[in-house]
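What follows is a single structure, written as structure tokens, with notes after it.
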Number of protein chains: 2
Amino acid sequence: MTTERTAESLAKTLRDAIIRFSRRVRQARPVGDLTFSQLSALTSLQLHGALTPRELADVERVQPPTMTKIVGKLEERGLVARTPHPTDGRQVILAATDEGRAVYAVHEDARNEWLAVQLDRLTPEERDTLARAAEILQRVARA
Amino acid sequence: MTTERTAESLAKTLRDAIIRFSRRVRQARPVGDLTFSQLSALTSLQLHGALTPRELADVERVQPPTMTKIVGKLEERGLVARTPHPTDGRQVILAATDEGRAVYAVHEDARNEWLAVQLDRLTPEERDTLARAAEILQRVARA
DNA sequence: CACGATACTTAGCCTAGCTAATGAGCATGG
DNA sequence: CCATGCTCATTAGCTAGGCTAAGTATCGTG
């Protein structure tokens with residue numbers, strides 16, 4: 001089944017696989033936990049250190065107003081802090097707080113538990129395939 | 001970078017890749033077009049012929065009320081028809097209409113255009129990796 | 001120093017998820 | 001043969017997460 005594929009048929013297959021996979025992973029979220037989007041934004045902030053809303057929106061591939069909402073939720077919970085930019089009064093610096101980093105570590109593990117168990121059942125080759133696919137998807141998403 | 005991966009680190013990587021990829025593909029949608037979820041439901045109906053709402057919800061990995069909403073949108077546009085079940089008065093049979101099939105073919109192509117172009121730029125090996133990954137993701141989603 | 005550009009937010013809209021509750025129909029055990 | 005309990009679909013009501021358009025503040029430059 002993994003013979004030669006046209007880009008068109010692959011596009012359809014990939015789209016369907018990803019929408020179902022996303023839904024399945026979403027369902028595995030404990031109530032009261034951080035959502036997909038929130039966790040992703042927090043991850044980016046940890047990885048990149050500190051970012052402006054615009055930068056974070058670009059990394060996360062959403063529009064700035066969407067990021068305002070997501071960051072708002074994280075700020076409510078004290079996981080992210082907004083500080084004014086030192087020289088440019090228009091800009092804001094976003095960074096994970098100490099609590100954000102702590103909560104992140106805990107939630108991240110709990111959040112991934114279901115998925116990690118599933119992945120653990122795969123063969124090493126399959127995991128390798130997924131790892132390479134993830135890289136490619138990131139690249140395509142950036143295009 | 002695609003060396004040995006633990007399930008945990010892969011889970012994180014995969015989750016991030018997929019959320020960004022989904023957002024990117026979503027952005028490529030022309031306004032007024034069918035949404036991700038609508039198209040996916042319509043695809044399943046075409047593939048499986050006719051299904052009850054419960055069955056369709058299971059295939060799509062959503063809860064029944066969510067499917068009611070999605071089907072409602074499709075029915076408004078005349079793309080899907082609800083017909084009563086012949087023997088069981090509780091159930092309903094969902095099927096794509098002729099117009100549904102026609103619109104599907106057109107929208108599907110337009111919808112995938114951006115993605116197909118991106119995929120076309122990849123190497124055959126990369127496309128093969130994605131095809132195999134899609135298969136694995138489908139399997140994991142079904143778990 | 002006025003005016004255009006940039007950064008963020010606010011306002012308002014829609015879709016997509018969910019759970020809980022409702023109503024209709026089936027099936028079965030007494 | 002019907003009461004009771006189950007299943008199916010839908011409705012109601014909520015939240016999150018997207019978007020665009022518009023508003024506000026600040027910057028930078030001519």
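Proteins come first, then strands; the chains are lettered A, B, ... in the order of their sequence lines, and each starts at number 1. Please read these numbers as outputs of a predicted model, since none were measured by experiment.
Within the 4.5 Å cutoff, the side chain of A:E75 has no heavy atoms near those of the A:L94 side chain. Within the 4.5 Å cutoff, side-chain heavy atoms of A:L115 are placed close to those of A:F21. Counting heavy atoms from C-beta outward, B:R24 and B:W114 have side chains that approach closer than 4.5 Å.
Considering only side-chain N and O atoms, B:S37 lies under 4.0 angstrom from the phosphate OP1 or OP2 of C:dG17. Residue A:R82 places at least one side-chain N or O under 4.0 Å from the OP1 or OP2 atom of C:dT9. The shortest distance between the side-chain N/O atoms of A:T35 and the OP1/OP2 oxygens of D:dA16 is not below 4.0 Å.
For the pair A:M67 CE and C:dT10 P, the computed distance is 15 Å after rounding to whole Å. What separates CG of A:D33 from C1' of D:dA16 is a distance of 14 Å, to the nearest Å. Here the C1' atom of nucleotide C:dC14 and the CG atom of B:L34 are 15 Å apart, to the nearest Å. Protein atom CG of A:L56 is 13 Å distant from nucleotide atom C1' of C:dC8, rounded to whole Å. For the pair B:I18 CD1 and D:dG17 P, the interatomic distance rounds to 18 Å; values are reported in whole Å. Rounded to an integer number of Å, the gap from CZ of A:F36 to P of C:dT15 is 22 Å. Distance A:K73 NZ to D:dG18 C1': 12 Å, rounded to the nearest Å. Taking atom CG on B:L39 and atom P on C:dA16, their separation rounds to 11 Å, with Å as the unit.
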### Under 4.0 Å protein heavy-atom contacts per nucleotide of nucleotides 19-30 of chain D, with B for base, S for backbone only and - for none
BBB----BS---

### Query
After noting the C-alpha distance and the side-chain angles of B:L122 and B:L119, does the key distance pass the side-chain contact (heavy atoms from CB on, under 4.5 Å) rule?
CA-CA 5 Å; B:L122 302 177; B:L119 296 177; 3.8 Å; yes

### Task
Determine, stepwise, if the pair B:K73 / B:T35 fulfils side-chain contact (heavy atoms from CB on, under 4.5 Å).
CA-CA 10 Å; B:K73 295 274 162 53; B:T35 65; over 6 Å; no

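Nearest nucleotide to the side chain of A:R54, out of C:dC8, D:dA9, C:dT15: C:dC8. Counting only heavy atoms from C-beta on, B:Q91 has its side chain closest to D:dA9 among C:dC8, D:dA9, C:dG17. Picking from D:dT10, C:dT9, D:dA16 the nucleotide with the shortest atom distance to the side chain of A:P53 gives C:dT9.
Residues B:T52 and B:R26 both approach DNA chain D. Their nearest nucleotides, taken by heavy-atom distance, put B:T52 toward the 5′ side.
Within 4.0 Å (heavy atoms only), A:T68 reaches at least one base atom of the nucleic acid.
Listed by first and then second residue, the side chain to side chain donor-acceptor pair (under 3.5 Å) pairs that reach into residues 56-65 of chain B are A:R20-B:E60, A:R23-B:E60, B:S40-B:E60, B:S44-B:E60, sequence neighbours excluded.
With respect to the salt-bridge test (charged N to carboxylate O, under 4.0 angstrom), the residues A:E125 and B:R132 do not qualify.
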